[in-house]
Amino acid sequence: MAGSGAQAAGQPSPSSGLMQGEERGPGCPGAASWQPPVTRLPCSMVPPPLASKPHACMSVVVIISTMAAVDVYLMELSAGVQRTSVLALALAGDLCFLLVLRYVGAWAGAEARTPRHGYTMALWFLFVFTLEIKLYFIYQGYRADRRTPDPLARHTLTLLLSICIPSLYMILVATEHLQHVATFQRKEILRGQLLWVVVDLLDLLEMQASLWEPQWQRLPLWAEGLTFFYCYSLLLVLPCVALGEMDLPAPPHLPLYPLLSLLAVNLAILAIRAADLLLYRDQRVSAIFMAKNLLAIALKGCTALQYHRARAAGLGELSPGDMPCHTPRRGGTDSTSGPRLTPQEF
């Protein structure tokens with residue numbers, strides 16, 4: 001018995017050195033109890049959800065058409081001999097823009113958290129940065145042009161920018177937020193927030209377009225340059241801030257975008273328009289957008305005052321439904337965070 005036990009102990013086990021379930025075939029007893037190991041990818045290696053192809057195609061069409069139209073304006077302002085060099089520089093700039101955008105997209109897609117969110121901000125920033133550089137040269141070309149101004153061409157440029165820039169922003173917001181929202185009420189709230197951002201974009205573009213449209217009396221060069229770069233910086237920053245605050249579940253403080261819109265867009269631009277009208281008798285000042293600034297100041301001021309009164313009354317953090325300029329979070333599928341349940345649903 002001892003020898004047989006030693007012999008049994010000396011014999012190698014039939015499953016030694018093998019993975020569990022590897023030596024057992026499908027007909028062997030106990031094979032179903034051994035499950036093959038499951039390989040789990042870390043969170044950083046999980047591929048992000050694919051973007052909507054129609055939205056991606058629309059954004060590409062808007063970007064390429066806007067850049068091509070601005071390149072045509074640059075060529076028209078140059079002399080006959082310089083048009084070839086201007087065209088080569090414009091095409092090289094567009095190619096570099098697309099290459100940088102491609103690598104930024106690859107970098108944002110490798111991030112673990114909200115890759116599409118970072119890519120949307122990077123796309124907007126690069127697009128506006130490149131476009132405004134070209135617009136600055138167009139503005140300088142129109143300022144130095146001694147020929148009779150063509151009102152149709154200048155108004156067409158303003159119309160093109162007023163359509164393409166807000167359209168790209170709406171497409172980006174629809175790609176990131178609206179296509180992942182299930183409830184109709186939340187979509188309408190997001191569209192309301194989007195409308196405020198688009199109106200602010202049109203306000204900035206109208207202020208900037210007054211620099212190259214036909215005018216009877218020019219402003220000082222420092223005033224025009226300050227106005228152009230002020231609008232330039234707001235077009236870069238404000239839409240990115242709005243994108244970052246559209247999917248916040250419950251911000252502890254008043255969102256940043258309404259305050260920036262109140263101070264940097266409505267109050268500041270209203271002061272600039274009033275100064276142009278009173279000091280320089282500028283006939284390009286839009287009375288309609290001045291009225292928009294006044295109405296927006298009243299509405300956003302009341303919202304901020306109501307929020308601070310609620311906090312001073314000891315209510316603490318407001319519920320998501322009572323948060324001003326905030327999208328309430330309901331049950332069901334939310335923007336990019338998956339299904340959420342409220343305490344009432346529990």
Side-chain angles (χ1 to χ4, degrees), residues 114 117-118 120-122 124-125 128-129 132 165-166 168-170 172-173 176-178 186 188-208 226-276 286 288-329 334-336:
T114 58
H117 189 68
T120 302
M121 289 187 178
W124 176 262
F125 191 89
V128 175
F129 180 80
E132 289 291 326
I165 294 181
L168 179 62
Y169 185 77
M170 289 189 291
L172 295 178
V173 172
E176 184 174 351
H177 295 282
L178 291 179
R186 181 166 169 78
E188 288 301 311
I189 295 174
L190 283 174
R191 290 190 183 103
Q193 294 180 358
L194 177 61
L195 180 62
W196 273 111
V197 182
V198 169
V199 170
D200 286 342
L201 289 177
L202 292 175
D203 197 356
L204 293 172
L205 289 172
E206 194 277 335
M207 190 70 189
Q208 198 176 50
L226 185 62
T227 302
F228 183 90
F229 285 103
Y230 181 74
C231 297
Y232 183 10
S233 59
L234 291 182
L235 286 172
L236 281 175
V237 175
L238 283 183
C240 295
V241 174
L243 277 172
E245 291 185 341
M246 277 189 180
D247 56 353
L248 289 179
H253 305 288
L254 186 67
L256 183 60
Y257 180 79
L259 293 177
L260 288 177
S261 175
L262 174 64
L263 299 176
V265 177
N266 294 292
L267 280 174
I269 292 186
L270 180 63
I272 293 174
R273 288 193 172 106
D276 291 344
S286 175
I288 295 177
F289 275 99
M290 290 184 71
K292 173 261 173 187
N293 295 141
L294 291 173
L295 293 176
I297 289 170
L299 290 175
K300 294 179 183 292
C302 291
T303 300
L305 183 60
Q306 178 185 3
Y307 177 79
H308 288 294
R309 282 182 178 178
R311 291 184 63 87
L315 297 180
E317 292 187 4
L318 298 178
S319 62
D322 296 331
M323 185 69 66
C325 302
H326 168 66
T327 304
R329 189 176 291 278
D334 213 344
S335 67
T336 55

Taking the side chain as every heavy atom from C-beta outward, state whether [X] and [Y] have any atom pair closer than 4.5 Å.
| X | Y | result |
| --- | --- | --- |
| T303 | P258 | no |
| R273 | M207 | yes |
| Y232 | L204 | no |
| C240 | T120 | no |
| V173 | Y169 | yes |

Item to check | Exercise: identify the closest heavy-atom pair between N266 and A296 | outcome: OD1-CB, 3.3 Å
Checklist entry - How many angstroms lie between CG in L201 and CE in M170, if you round to the nearest 0.5 Å? => result 9.5 Å
Checklist entry - From T227 OG1 over to D276 CG, what is the distance, rounded to the nearest 0.5 angstrom? => result 6.0 Å
Next on the checklist: Pair I269, N293 - check side-chain contact (heavy atoms from CB on, under 4.5 Å), show working.
Outcome noted: CA-CA 8 Å; I269 292 186; N293 295 141; 4.2 Å; yes
Item to check | Stepwise side-chain contact (heavy atoms from CB on, under 4.5 Å) check, L238 with V197 | outcome: CA-CA 8 Å; L238 283 183; V197 182; over 6 Å; no
Checklist entry - Do other residues, nucleotides or ligands put more than 12 heavy atoms under 6.0 Å from the OH atom of Y230? => result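 Enclosed.
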Where the side chain of [X] meets the backbone of [Y], is there a donor-acceptor pair that is under 3.5 Å apart?
| X | Y | answer |
| --- | --- | --- |
| E206 | F289 | no |
| S233 | F229 | yes |
| W124 | L235 | yes |

Next on the checklist: Checking side-chain polar atoms at under 3.5 Å, does Q208 have a donor or acceptor matched by the opposite partner on E132?
Outcome noted: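 Judged by distance alone, the side chains do pair up.
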Next on the checklist: Test side-chain contact (heavy atoms from CB on, under 4.5 Å) on K300 and L295; report intermediate values, then the result.
Outcome noted: CA-CA 9 Å; K300 294 179 183 292; L295 293 176; over 6 Å; no
